[in-house]
Chemist: 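Once you've had a glance at the structure underneath, I'll fire off some questions.
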Amino acid sequence: MIRRTLIAIYYCRPQRSYAVFRFLVTVFLLFRRRQRWLLWTPLAPEALVANIRALGASFLKLAQVLATRADFFDQTYLQALRQLHDKMPAMREKHRRRAYKRAFPDSRIFSKFDDEPVASASIGQVHKATLQDSGETVAVKLLRENIQFQVRVDIFLLNFFLRLFRPLFTDQTRHSIESVLRAFSQVILQEVSMLQELANMEHFSQVYADSGVRFPQPYPEYCSDTALVMSFEQGARFDDVAAVAKLNVSFEELMKQLVLFYTEQMLIKGYFHADPHPGNLLVSPQGELILLDFGMVSRIPQQMRQAMIYAVKAAYERDFEMLVNATRKMGILTEESDFSALSSVAESLFEVFDSDHLDASSMQELAFGILEVLNDQPFKLPQDIIYVMRVSSLVEGLGTQYIENFNGIKDILPILKESLPRALGEDRLPLEKMKHELLQLPMTATKARRVVELAEQGELVVRMATADRQFLLGRLERYLATLGWLIFYLALGFYFQRFQQQWLQYASYSCLLLALLVLLKRKEKG
């Protein structure tokens, strides 16, 4: 208890707490496009990166999430944040020994354990070892000492300063900031639990057993909350062009398999690997795709998956109306959006699909141009969409390394199109579909009768998309606030009319004038 208290004091020391404060002030000011708040201005990109490195593991992970948020930062900051990587120096020998002893009280489990790690990141490091009983070569992932407690302290600091800044933000901007930090808190807590990663790995292997992708095989009997023991997978990193070339495998086939695999995860099953980067993707000597590191695994709700499917379908069919409806269902756009301005964005986007002369930089410029237009619109990017953007960024980056003028959208859409019938449930044979629909008829009739009964009883409930519901509630809140002030000023003005004193008459006229101003202001806002 005393040791944990001392650790908490160390991580909450004034200098570090102020560094967390400056980090969040910078994020909030950049997000609100403001130059200053009281005495503070945003940190410059280089200073922000240095600040994050000094704060350590949790903030490195958070920065990796923020590096995908083109709705928060401009390109200068995004480029600086993308320089941050999760590679860290290995643990000191004494810390490694303590971490090993905590995870494996019985040291006879391994006949050999390499002291030098194969890989070292902010959360833990991976060592190569040999099991005593079977002689198999395994990978052992050890958590860094005190990292679980440090992460919880960092989450406390983030939430503390978030509450401090709440009054500075509108409902929409506050929701965007809070959703990012909430999602990050959930993910980082999962990542510092090796038992959670073990469960993710086992479930992933079951769900995607027929995907053609290989996963490490865990050894649950040796695992604990601070260590994970799994099969040692050998292969070339997907982004190592020279090493992959020596394997004599088709990159086009590998890319197609990768896209199909992530399509299966995000659009069909909804259970997906949320930390896509080249270090987690290997290519075996036999040409198999190997996926590593299951610390960050998430789920996409069915409603969001369906909206994403129709967004892809709209992109392929150049259907602007379907695209707008899909983005509304995803919670990106609301009824307040200017659809005439968005139509020009969609036209620019659709032109990309017919171009044979776009390279990766052109694609990025187009993406930033779209987001720049959207900055004038009431939009937000749900966290599920951010994960999709990270996957898109991975595929785009890998594609440009192997294929000149790789167009991420144009080259991937045909592969996605092949998966749409399955994602939409349209891959059944005509007779099978007819049988399915006939079987559904009694249920459909029952549901229709139930709707009529609820309407007659006055108990019919209509469910709306989250973004539209928030929009309507916001309008209603503003309307009721205006009505409240109007009634207050009118009542006060008429009340003062009862008295004969001259100054109360002036007060009455002032209240009536304020009521008129409230009414005019409301009329201007529509």
Chemist: Are the side chains of Glu197 and Asp293 in touch, meaning some heavy atoms are under 4.5 Å apart?
Modeler: yes

Chemist: Short question: side chain of Asn159, backbone of Ile155 - any donor-acceptor pair under 3.5 Å?
Modeler: yes

Chemist: Could you measure the distance from the CZ atom of Phe28 to the CH2 atom of Trp40? Nearest 0.5 Å is fine.
Modeler: 13.5 Å

Chemist: Are Phe272 and Tyr262 near enough that their ring centres are under 6.0 Å apart?
Modeler: no

Chemist: Side chains of Phe232 and Val138, heavy atoms from C-beta outward: is any pair under 4.5 Å?
Modeler: no

Chemist: Verify, without hydrogens or angle tests, whether Arg305 (side chain) and Ile300 (backbone) share a donor-acceptor contact under 3.5 angstrom.
Modeler: yes

Chemist: Side chain to side chain contact (heavy atoms under 4.5 Å, CB included) for Cys223 and Met194? Distances and angles first, verdict last.
Modeler: CA-CA 8 Å; Cys223 298; Met194 293 294 96; over 6 Å; no

Chemist: To check you understand the geometry: which heavy-atom pair defines the closest contact between Asn200 and Gly295, and what is its length?
Modeler: ND2-O, 4.1 Å

Chemist: Let me confirm one number: the NZ-CZ distance from Lys141 to Phe294, rounded to the nearest 0.5 Å.
Modeler: 10.5 Å

Chemist: State the CD-OG1 distance between Glu145 and Thr226, to the nearest 0.5 angstrom.
Modeler: 11.0 Å

Chemist: Any donor-acceptor pair under 3.5 Å linking the side chain of Thr26 with the backbone of Leu43?
Modeler: yes

Chemist: Distance check, rounded to the nearest 0.5 Å: Leu143 atom CG versus Ser224 atom OG?
Modeler: 8.0 Å

Chemist: With a 4.5 Å heavy-atom cut-off, do Ile109 and Tyr219 have their side chains touching?
Modeler: no

Chemist: Is the Phe204 ring parallel, tilted or perpendicular to the Tyr208 ring (thresholds 30°, 60°)?
Modeler: tilted

Chemist: Main chain of Thr130, side chain of Glu136: is a donor-acceptor contact present, judged purely on distance under 3.5 Å?
Modeler: no

Chemist: Of the non-hydrogen atoms in Leu254 and Gly287, which two are nearest, and what is the gap between them?
Modeler: CD2-O, 3.6 Å

Chemist: Does any part of the side chain of Pro220, heavy atoms only, come nearer than 4.5 Å to the side chain of Leu198, both counted from C-beta?
Modeler: yes

Chemist: Check the angle between the aromatic planes of Phe110 and Phe104 and answer parallel, tilted or perpendicular using the 30° and 60° thresholds.
Modeler: perpendicular

Chemist: Would a distance-only check, ignoring hydrogens and angles, find a side-chain to backbone donor-acceptor pair under 3.5 Å from Glu288 to Gly212?
Modeler: no

Chemist: Quick one: are Ile123 and Arg144 in side-chain contact, heavy atoms under 4.5 Å?
Modeler: no

Chemist: Before you tell me yes or no, could you show the steps for Asp133 and Tyr222 under side chain to side chain contact (heavy atoms under 4.5 Å, CB included), namely the whole-Å CA-CA distance, both residues' side-chain angles and the distance that decides it to 0.1 Å?
Modeler: CA-CA 12 Å; Asp133 293 340; Tyr222 303 127; 3.6 Å; yes

Chemist: Looking at every heavy atom in both Gln148 and Val192, which two are closest together, and how far apart are they?
Modeler: NE2-O, 2.7 Å

Chemist: Should Glu253 and Lys256 count as an ion pair when the cut-off is N to O under 4.0 Å?
Modeler: no

Chemist: Search all heavy atoms of Ile290 against all heavy atoms of Gln234 and return the closest pair with its distance.
Modeler: CD1-O, 3.7 Å

Chemist: Does a donor on one side chain sit under 3.5 Å from an acceptor on the other, for Gln196 and Asp225?
Modeler: no

Chemist: Inspect the contact between Arg16 and Asp154 and indicate whether a charged nitrogen and a carboxylate oxygen are less than 4.0 angstrom apart.
Modeler: yes

Chemist: Could you check whether any side-chain N or O of Asn146 sits under 3.5 Å from a backbone N or O of Phe149, counting only pairs where one atom can act as donor and the other as acceptor?
Modeler: no

Chemist: Return yes when atom CG of Asp210 has more than 12 non-hydrogen atoms of other residues, nucleotides or ligands closer than 6.0 Å, and no otherwise.
Modeler: no

Chemist: With heavy-atom distances below 4.5 Å as the criterion, would you say the side chains of Pro216 and Leu292 are in contact?
Modeler: yes

Chemist: Is there a side chain to side chain contact (heavy atoms under 4.5 Å, CB included) between Met230 and Val140 once you walk through the steps?
Modeler: CA-CA 7 Å; Met230 56 196 152; Val140 180; over 6 Å; no

Chemist: Counting only heavy atoms not in Arg13 (residues, nucleotides, ligands), do more than 12 fall under 6.0 Å from its CZ?
Modeler: yes

Chemist: Going by heavy atoms in the side chains, are Val229 and Pro218 under 4.5 Å from each other?
Modeler: no

Chemist: Where do Tyr77 and Ala44 come nearest, in terms of heavy atoms and distance?
Modeler: OH-CA, 3.8 Å

Chemist: With rounding to the nearest 0.5 Å, note down the distance linking OG in Ser58 to CD1 in Ile52.
Modeler: 12.0 Å

Chemist: Taking Ser231 for the side chain and Gln217 for the main chain, is one N or O donor matched with an acceptor at less than 3.5 Å?
Modeler: yes

Chemist: Please answer whether the main-chain N or O of Pro89 pairs with a side-chain N or O of Ser120 as donor and acceptor at a distance below 3.5 Å.
Modeler: yes

Chemist: Is any side-chain heavy atom of His273 less than 4.5 Å from a side-chain heavy atom of Asn280?
Modeler: yes

Chemist: Nearest 0.5 Å, what's the CG-CG distance between Leu81 and Leu48?
Modeler: 5.5 Å

Chemist: So Phe215 and Phe261, would you call those rings parallel, tilted or perpendicular, with 30° and 60° as cut-offs?
Modeler: tilted

Chemist: Do the side chain of Tyr100 and the main chain of His95 share a donor and acceptor less than 3.5 angstrom apart?
Modeler: no

Chemist: Could you tell me whether Gln286 atom CD has more than 12 heavy atoms of other residues or ligands within 6.0 Å of it?
Modeler: yes

Chemist: Is it the case that atom CD in Glu221 sees more than 12 heavy atoms from other parts of the structure closer than 6.0 Å?
Modeler: yes

Chemist: For the side chain of Asp114 and the backbone of Glu116, is there at least one donor-acceptor N/O pair under 3.5 Å apart?
Modeler: no

Chemist: What do the steps show when you test Lys128 against Thr137 for side chain to side chain contact (heavy atoms under 4.5 Å, CB included), and what is the final call?
Modeler: CA-CA 7 Å; Lys128 189 176 181 180; Thr137 301; 3.5 Å; yes

Chemist: Using every non-hydrogen atom in the two residues, find where Leu247 and Ser284 come nearest and quote the distance to one decimal.
Modeler: CD1-O, 3.6 Å

